[in-house]
Structures are given as C-alpha cells and as structure tokens.
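We number each residue from 1, following the sequence as shown. Please read all numbers here as calculations on a predicted model, not as lab measurements.
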Amino acid sequence: ATFADFMEQFKKQRRFAVDLETTSLDPHLAQIVGLAICWKPAEAWYLAVRGPKGDRVLDATQTLKALKPILEDQAIAKVNQNIKYDWQVFKSSGVHLRGVAGDSMIADYLLHAGERSHGMDLLAEKHLQHRVIPITALIGKGKQQKCMDEVPCEQVKEYAAEDADVAWRLCAKLEPTLVGLRSLYDDLEIPLIEVLAEMEFTGIRLDVPLLQGMSKDMAKSLEALEQDIYRLAGREFNIGSVKQLRTILFDELGCKPKSRTAIKGDASTDSDTLEALAKEGFELPQKLLEHRKIAKLKSTYVDALPALVCPKTGRVHTSFQQTVAATGRLSSSDPNLQNIPIRSEMGGQIRQAFLPEPGWLLLAADYSQIELRLLAHFSGDDALRRAFAEDRDIHALVAAEVFSVDQKDVTSDMRRMAKAINFGIIYGMSAFGLAQRLEISKEDANTFIDAYFAKYPKVLAYQDQLLADCRTRGFVSTILGRRRAIDGIRAMTTYKSRNQPEREAINMQIQGSAADLIKVAMLNLHRRLQKEERRTRLLLQIHDELVFELPPEELKEVSVIVKQEMIGALADRLQVPLAVDTGVGKNWLDLDEI
C-alpha cells in the first residue's frame with residue numbers, strides 16, 4: 001500500500017486512534033519515529049518517518065504536513081491511551097492536536113478509581129485478554145538499550161500498530177460501560193487533557209543560582225548538625241544507619257522505645273519516635289529530626305530541581321496525572337511540586353526559586369477553606385452555611401461554640417484547636433487522632449468532638465447517612481458523580497469507633513468534590529483565556545491553588561477573570577458561596593494580596 005492509498009481512506013474517517021513512536025519520553029526532546037493510526041479493530045496503519053539506515057521511510061516534514069489538517073480538525077475524534085503525551089509531541093512538531101475525544105486510561109480509572117495501575121499492558125489483558133508486545137522486546141533495557149529509531153521499521157510497525165489497535169478496542173469496550181460517569185468523562189476529564197498538556201508543555205522557570213546557593217547553605221547546616229549529633233551521642237556513627245542509631249538511642253543513651261517495626265519487631269527510630277523522645281527532653285532526637293528535614297529538602301528539591309531543567313526550554317516540566325489519586329485529585333511527579341512544605345522557612349525559600357517569564361508576574365489563586373464549605377453544603381447545617389454566607393471566621397466561630405465563650409473571647413489557642421477539629425471532622429478523625437494532633441488527652445479530645453457534634457448535629461447525621469448509603473451501594477460519589485468503591489463499611493458504628501474504610505468514605509465525598517470543582521475552574525479558565533486571546537498561562541495546580549504567569553498589563557483584568565471563574569465553577573450546584581484568595585509577585589513565595 002502507498003501513502004496515497006492510506007490518505008484516501010484516512011480522509012473519510014470521523015474517529016480514529018493515533019499513537020506516536022518517539023526517540024524520547026521528554027516531549028520537548030522527542031522526535032517522531034512513526035505514527036500508528038487505527039479506525040477498525042485488528043487493523044492499523046504505520047507511517048514510519050525515521051528508522052535505521054537502509055530502511056524505507058517517509059519524509060517526516062511532508063507526512064506531518066499532509067496529516068496536519070485532519071489532526072487539527074476539532075470535528076474529527078482522536079483517541080489513545082495516555083494521549084496527553086502524544087498531544088505534547090505533536091505540539092513540539094508544530095501540530096495542534098484538536099478533537100481529543102477519548103483515552104482508555106482515563107475511562108478505566110473512572111470505572112476503577114483506587115486501583116494501582118491503568119497501564120495499557122494491564123488493561124489489554126484485563127479487558128481484551130490480549131498480551132501486548134513489551135517495549136523491551138524492541139529496545140532492550142539497561143546499558144544495551146537502543147533508541148526507537150535504531151529498531152528496524154518492520155519490528156516497530158508490529159509494536160506501534162498493536163498499540164493503536166489496543167487503544168481503539170479498549171475505548172470501544174470501556175466507554176459504553178461509563179454508566180453515570182459519561183458526562184464526567186466527556187465534559188470534564190477528556191477536555192482537561194489539553195489543559196494539563198499545555199501546562200506541562202509550558203513548564204515553569206527556575207532560579208537555579210538561588211537553589212545552588214541554598215544547597216551550599218544546607219550543606220553547612222548539615223555539617224554543623226552532624227557535629228552536634230556526634231557530641232550528644234558521645235561518638236561518631238553513620239547517621240543514616242538505623243541499626244547504629246538504634247544502638248546509640250536505646251542501648252547507650254537509655255531512651256525507651258516507643259514502637260516496634262512491623263517485620264522484625266525492632267525498636268523503631270521513625271519521626272514519631274524521635275518527636276516523642278524530644279518531648280521527653282532528649283536533645284539528640286531533636287537534632288536528628290532537624291538533620292532529616294534539611295537532608296530531605298536538599299536531596300528532593302534543592303539539588304534535584306536544577307537537574308530537571310529542560311535544556312531546550314530552560315524550564316522544569318512537572319507531569320500532572322489524572323489517574324493516580326482515588327479521590328480525583330491531580331497528582332504531580334518528576335518533580336512532585338505538590339509536596340513542597342509551605343509552612344517551614346526552608347520550604348518557603350524553595351518556592352522563591354519558581355519564577356515567571358522574565359518581565360512577567362506570577363499570580364496565585366487559592367480556594368479559601370473549600371473543604372469546610374463543601375461540608376456545609378453537603379450536611380445542610382444551617383449554622384455552618386450562615387457562617388460562610390456572612391463571611392465569618394469559621395474557626396473562631398466553632399471555637400466559641402465548642403468552648404462556650406463569646407467569639408470576642410476566643411484565644412489563638414482555642415482557634416488552633418477548633419481548626420484541628422474542623423479539618424479532623426472532614427477526614428473522619430477519631431478522638432485518638434485528634435488527641436495526637438493537639439497533644440491533649442484522648443478524654444479531652446472526645447469532649448471536644450462531642451461538643452462539636454452537639455452544636456452541629458446535621459454534620460453527624462450527614463456522615464451517618466453517607467456511610468449507610470455507601471454500605472448499600474458499595475461506593476461514594478462526588479458532586480459531579482465521580483465514584484470510589486469502598487468495602488468494609490459496618491452496619492452500626494459511632495464516630496468514636498470508625499475504621500479506615502469509613503474514614504475514607506467520609507473524606508472521599510468532600511475531597512473528591514473539591515477535585516471536581518478545581519478541574520471545572522481550570523477548564524473554564526483555559527477556554528476563557530483562549531477565547532479572549534490572553535497571553536496569561538496556567539502553570540501549576542497544587543491541590544486548591546492555581547498558579548499563572550502573565551504580562552503586567554494583563555494583571556488587572558485577569559485577576560478578576562480568575563476569581564470569577566473559580567468562584568463560579570459550580571455555583572449553580574452549591575448552597576454555599578465560595579471565596580478565592582489571590583496574590584501576585586515576582587516569585588512563588590513573595591506574593592502580595594490583591
């Protein structure tokens with residue numbers, strides 16, 4: 001068959017699977033080796049545009065030029081497994097892939113949220129009883145690994161065509177089973193692919209010299225801490241060795257073990273143990289905790305981030321996954337930017353290294369107390385709803401109720417305790433958990449929780465009803481119908497004796513609905529910024545926060561647009577008003593409120 005034969009048939013298709021073979025997993029560095037296209041089960045075309053010397057290949061530029069009108073046609077549907085990657089490689093090659101209509105990975109995730117993997121090899125076996133050719137059969141592994149364009153085209157053809165065919169068949173099989181989930185798939189998760197692909201592709205600029213300076217400072221701090229640790233221990237030892245640390249703490253210094261390891265039953269040296277020992281007045285555990293904290297920040301972020309800067313763009317490109325967290329939250333990896341500790345001074349300094357385009361600004365927008373607002377919405381509690389409607393300080397209000405004092409007499413300590421109760425309630429926290437968090441007795445924690453539910457009885461009634469429904473149906477659903485199957489919900493329980501599945505069920509509806517909300521906001525913002533031809537770019541999503549970069553002249557109008565779209569995202573469904581805090585600045589740490 002010739003390329004002309006292929007094009008004649010291809011132009012007639014209204015829907016097809018497209019899968020790229022490339023030279024790299026990094027979309028900015030990847031060159032297309034070939035395109036596999038499928039629109040009929042067990043049949044696919046492979047267009048080779050790169051290959052070993054001597055293999056017949058098509059001209060890469062001419063081939064993409066011929067395919068471009070179809071790939072960019074919004075009315076023609078495209079599907080694949082993890083199509084977000086292909087979208088970025090196409091963009092890198094000058095093609096804006098439009099009409100993304102399906103992704104087998106996302107379909108399986110919506111059907112089976114909470115399962116560990118939604119990879120193609122697993123899905124092919126599970127749903128099609130088909131074992132795919134492993135990529136190692138083509139490129140090998142380890143030091144002998146080849147690049148895809150070094151593999152004979154005949155071999156790549158089999159592998160690539162199978163990928164496109166499997167993605168086509170998986171979508172055809174899974175999509176019709178998305179009963180009750182179809183709108184979430186078609187109207188939110190699939191359109192969101194382009195938003196995330198654009199964010200990943202854009203990346204964020206890093207102040208590498210700042211991080212290098214921090215690394216030197218941290219190295220000095222670690223050295224000083226090591227000397228303190230050796231002095232307190234009475235001798236030098238390997239700080240990273242759990243065995244040696246155990247000997248020093250429990251045999252030589254006479255500390256009492258707090259817990260045992262699960263496998264061997266040895267005395268634990270984990271953070272909880274070190275914190276407990278530090279509270280008993282031992283200085284060494286405190287120094288060890290400081291050492292661990294700095295060492296972790298240094299290796300995970302300060303030293304790792306500069307190495308992840310893409311040489312082509314000068315930016316760091318995190319990956320946002322839609323199919324990892326069972327609640328529907330996005331997760332970030334390579335690097336994970338969602339776990340930079342914001343409350344510690346050093347964590348803040350790391351945020352200072354994230355910069356906008358030169359001459360531009362960063363704008364951060366954060367939902368205020370979104371989970372507590374959703375609790376007020378779902379529970380229907382009048383006092384909570386009224387507090388948000390009147391824009392009251394919810395933690396001070398709860399403190400006044402729980403401690404039976406006037407709101408003006410609420411101390412900062414009372415407010416801190418009320419805050420822990422408020423968030424603990426969302427996560428189904430037990431009295432034991434609250435006692436640990438607040439460092440109070442279990443009896444006092446029980447008293448606080450009792451007082452909370454006495455003042456907000458609808459919250460307890462809502463949680464009990466949610467657990468009863470979950471036990472009957474086998475799953476919990478969010479405001480947009482996202483589902484998570486949960487087993488182990490018991491018939492008769494009190495909030496004092498909830499197990500892990502029951503706590504997960506309570507958390508799922510609130511956290512999953514918060515995930516739905518911010519995804520709707522991201523999609524609406526993306527569309528509006530495109531429609532208005534703004535230069536503003538969405539860079540990051542960190543839980544309830546969105547981070548943009550924008551030219552200063554767009555700040556005034558865009559900050560209003562961002563608030564409008566975030567507050568309005570699910571306004572027609574929510575019984576509680578939303579609030580968004582915004583800040584602007586020259587880096588991600590130093591943001592002034594607007």
Ring pair (Phe, Tyr, Trp, His ring centres under 6.0 Å): pairs with one or both residues in residues 431-457, sequence neighbours excluded: Phe403-Phe448, Tyr452-Tyr456, Phe453-Tyr495

Side-chain donor-acceptor pair present, Ser332, Gln338, cut-off under 3.5 Å: no

Going by atom types only, do Tyr427 and Glu504 share a side-chain donor-acceptor pair under 3.5 Å? no

Could you give me the CA-CA distance, side-chain angles and deciding distance for Glu557 and Arg534, then say whether salt bridge (Lys or Arg N to Asp or Glu O under 4.0 Å) is met? CA-CA 10 Å; Glu557 289 178 343; Arg534 302 280 178 185; 2.8 Å; yes

Applying salt bridge (Lys or Arg N to Asp or Glu O under 4.0 Å), run through Arg98 and Glu194 and close with a yes or a no. CA-CA 9 Å; Arg98 290 188 181 89; Glu194 179 171 329; over 6 Å; no

Pairing donors with acceptors under 3.5 angstrom, does anything connect the side chains of Asp366 and His543? no

Among Leu362, Leu555, Leu538, whose side-chain contact (heavy atoms from CB on, under 4.5 Å) with Phe548 holds? Leu538

Ignoring hydrogens and angles, state whether a donor on the side chain of Gln321 or Ser333 is under 3.5 Å from an acceptor on the partner side chain. yes

Does the distance from a Lys or Arg side-chain N to an Asp or Glu carboxylate O, for Glu345 and Lys293, drop under 4.0 Å? no

Strictly below 4.0 Å, N to O, side chains only: are Asp186 and Arg182 in salt-bridge contact? yes

With a 3.5 Å cut-off and no angle check, do the side chains of Gln81 and Asp103 form a donor-acceptor pair? no

Tell me if the aromatic rings of His395 and Phe423 count as close, with their centers under 6.0 Å from one another. yes

Would you say the side chains of Asp516 and Thr478 form a donor-acceptor pair under 3.5 Å? yes

Option among Gln541, Glu189, Gln322 that satisfies the side chain to side chain donor-acceptor pair (under 3.5 Å) test with Lys519: Glu189

